[in-house]
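The structure appears right after this line, and notes come after that.
These values consider heavy atoms only, across backbone and side chains, with no hydrogens, waters or symmetry-generated copies. Here is the naming used below: chain letters follow the sequence lines, and residue numbers restart at 1 for every chain.
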There are 2 protein chains.
Amino acid sequence: MEPDRKRPRRLRCDAEQNRERIIEAARRVYEREGLSASMASIARAAGVGIATLFRRFPTRTELIAAVFEDAMERNRAAALAAGERASAWDGFREYVETVCGLQADNRGFAEVLTMNFGSAKVLERHRQEAFAAFTDLIGRAKAEGRLREDFAPEDLLILLMANAGVLAAATDAAGEASRRLVGQMLRAFAVGAEEALPEAPAPKRLLRGMVRGRRGSAC
Amino acid sequence: MEPDRKRPRRLRCDAEQNRERIIEAARRVYEREGLSASMASIARAAGVGIATLFRRFPTRTELIAAVFEDAMERNRAAALAAGERASAWDGFREYVETVCGLQADNRGFAEVLTMNFGSAKVLERHRQEAFAAFTDLIGRAKAEGRLREDFAPEDLLILLMANAGVLAAATDAAGEASRRLVGQMLRAFAVGAEEALPEAPAPKRLLRGMVRGRRGSAC
DNA sequence: AACCAAGTGGAATGCCCTATCCGCTTGTGT
DNA sequence: ACACAAGCGGATAGGGCATTCCACTTGGTT
């Protein structure tokens with residue numbers, strides 16, 4: 001995002017440009033295809049040689065970290081903003097919906113949110129901070145009597161994993177199915193829980209794909 | 001399962017043996033690795049040549065259908081059995097827990113339950129029948145006043161997709177995380193919903209993997 | 001202007017995968 | 001016992017991918 005800082009000794013300016021092009025291309029590719037996109041396809045999309053990609057990002061993890069740093073930052077911002085709401089429950093609800101929406105909009109980020117990147121310190125710090133803000137929200141929402149006492153912070157992680165699964169499997173109806181899932185889960189978390197549920201997607205569109213597994217094959 | 005019937009003119013007995021060996025091997029491999037396991041690895045596991053595998057199962061889908069026919073049959077049986085319970089809600093609950101448990105025990109079947117196999121008629125027929133029995137259960141559980149009126153049959157599909165996602169992402173704590181998810185969802189579905197929740201898994205084990213994507217790469 | 005470290009792209013290597021081909025082996029009906 | 005259709009597995013073609021290597025180019029400094 002910003003020029004650069006602690007990166008060892010500043011890149012030559014054409015190299016820096018290429019670096020940006022790679023990140024932008026990877027952003028597009030990951031958003032559409034998820035993290036399993038090949039390094040080669042990203043280099044192609046960026047219009048650079050494969051060697052250039054590997055020179056700048058020796059491991060896939062480093063590339064992923066660079067690409068999703070700002071999405072994770074947006075996630076953190078959403079958690080902090082939700083913490084400001086007058087009603088903790090409203091904040092809780094808002095954050096859950098927001099983060100699941102981020103997943104729905106970006107297949108790569110959906111996966112990132114369900115994994116652990118031991119290196120990638122910035123990424124993990126943002127995740128930590130978001131999680132801390134959310135944990136704080138949990139306590140207050142319970143105190144308000146709106147969130148069930150047995151809600152655990154891990155339930156958010158589980159929801160993120162579940163949502164990623166729905167998004168991956170529901171192809172066509174992914175957005176609707178995801179919103180429905182989130183609505184159901186919020187009901188499960190809430191104490192009263194009489195809020196309306198988003199409409200369920202039409203069943204035909206729900207089970208569409210067929211052996212959409214990694215490698216080709218067919219019917 | 002049974003010798004064979006309408007299969008065109010009966011295989012030579014050594015060929016039939018190989019066919020069984022392939023199915024058994026595929027069962028083991030898919031159970032562990034999911035449906036993305038390669039044909040080559042299955043042939044290797046079965047101790048047959050690749051050609052033999054392709055001769056018997058020209059497409060991946062045919063192999064998958066053969067492998068999971070009986071699991072799908074067990075699924076159907078579970079739905080029918082659940083329909084017999086005196087309390088429809090108890091049956092509903094039992095079936096949901098059972099089918100999600102089947103997913104937890106078998107990564108391949110978890111995926112099968114979230115896809116559509118246009119060919120594979122036996123598979124789809126069993127799925128249909130299970131779904132019909134479940135739909136019947138839904139109506140009765142609503143009539144009992146235990147299941148919320150806005151529960152839709154599609155919610156089961158969504159839950160299956162969600163559960164598959166949790167199972168795929170939670171590696172170590174997969175079983176616990178899955179049970180927790182199911183517990184939450186049942187709360188969302190129920191009218192009263194004051195049943196206890198399974199314990200949440202320890203957070204450390206929840207986010208473990210790191211770019212466990214298809215191909216190697218590393219930290 | 002000239003130099004050279006930094007940077008580049010494409011070729012090369014090695015792996016695994018799908019799918020098909022083909023010459024050899026074997027079960028089975030006569 | 002024999003013939004031969006049925007079946008077998010290894011080899012092969014063709015492709016994608018990760019990763020490394022290397023001869024060439026170029027930005028930036030003097």
Side-chain angles (χ1 to χ4, degrees), chain A residues 3-4 7-26 29-30 32-67 108 210-219, chain B residues 3-4 7-26 29-30 32-64 66-67 210-219:
Chain A
D4 61 339
R7 230 192 316 284
R9 264 228 176 66
R10 174 95 166 273
L11 289 176
R12 217 165 77 178
C13 86
D14 56 337
E16 181 60 33
Q17 259 182 6
N18 275 337
R19 187 170 179 280
E20 301 298 335
R21 289 212 292 163
I22 289 171
I23 292 182
E24 276 317 307
V29 173
Y30 283 149
R32 216 176 342 108
E33 301 175 25
L35 301 185
S36 63
S38 76
M39 295 298 259
S41 74
I42 289 169
R44 245 175 284 133
V48 304
I50 305 180
T52 299
L53 172 52
F54 275 95
R55 196 175 316 106
R56 217 49 70 206
F57 302 99
T59 70
R60 183 190 293 266
T61 303
E62 285 171 72
L63 176 58
I64 291 174
V67 166
M210 162 123 183
V211 193
R212 57 189 176 333
R214 335 282 149 247
R215 329 220 136 273
S217 157
C219 119
Chain B
D4 60 342
R7 227 188 323 280
R9 265 229 175 65
R10 175 96 163 271
L11 288 178
R12 221 166 74 177
C13 86
D14 56 338
E16 182 60 34
Q17 259 183 7
N18 274 338
R19 186 169 180 281
E20 300 297 334
R21 290 212 292 163
I22 289 172
I23 291 182
E24 276 316 307
V29 173
Y30 284 149
R32 217 174 342 106
E33 302 174 26
L35 301 186
S36 64
S38 75
M39 296 297 261
S41 74
I42 289 169
R44 248 176 281 134
V48 305
I50 305 180
T52 300
L53 172 53
F54 276 97
R55 195 175 316 106
R56 217 47 71 203
F57 303 98
T59 69
R60 182 190 294 268
T61 303
E62 285 172 70
L63 176 58
I64 291 174
V67 166
M210 161 125 183
V211 192
R212 56 192 177 331
R214 338 286 149 244
R215 331 219 135 272
S217 155
C219 116

| task | Specify the separation, in whole Å, of atom CE of B/Met39 and atom P of C/dA19. | result | 7 Å
| message | In whole Å, I'd like the distance from the CD1 atom of A/Ile42 to the C1' atom of D/dA18. | response | 12 Å
| Between C/dA6 atom P and A/Glu16 atom CD, what is the distance in whole Å? | 16 Å
| query | What is the distance from CD of B/Gln17 to P of C/dT28, rounded to the nearest Å? | reply | 10 Å
| request: Consider the side chain of B/Ala40, meaning its heavy atoms from C-beta on, and name the nucleotide among D/dG28, D/dC8, C/dT18 that approaches it most closely. | output: C/dT18
| remark: Among the nucleotides C/dC17, C/dG7, D/dG7, whichever has the atom closest to the side chain of B/Ser38 is C/dC17
| message | Of the options D/dC8, D/dT20, C/dG7, whose atoms approach the side-chain atoms of A/Phe54 most closely? | response | D/dT20
| message | Does a side-chain N or O of B/Arg44 approach OP1 or OP2 of D/dG9 to a distance below 4.0 Å, or not? | response | no
| query | A/Ile22 has an atom CD1; how far is it from atom P of C/dT8, in whole Å? | reply | 8 Å
| Phosphate contact (C/dT8 OP1 or OP2) by A/Asn18 side-chain N/O below 4.0 Å | yes
| Has the side chain of B/Arg12 got a donor or acceptor atom sitting under 3.5 Å from an opposite partner on the base of C/dT26? | yes
| query | Can you tell me how far the CD1 atom of A/Ile42 sits from the CZ atom of A/Arg60, to the nearest 0.5 Å? | reply | 7.0 Å
Just the atom pairs and distances: protein N or O near nucleotides 10-14 of chain D's N or O, under 3.5 Å.
none

| query | Does B/Ala37 or A/Ala15 map to a spot on DNA chain C nearer the 5' end, using the closest nucleotide for each? | reply | A/Ala15
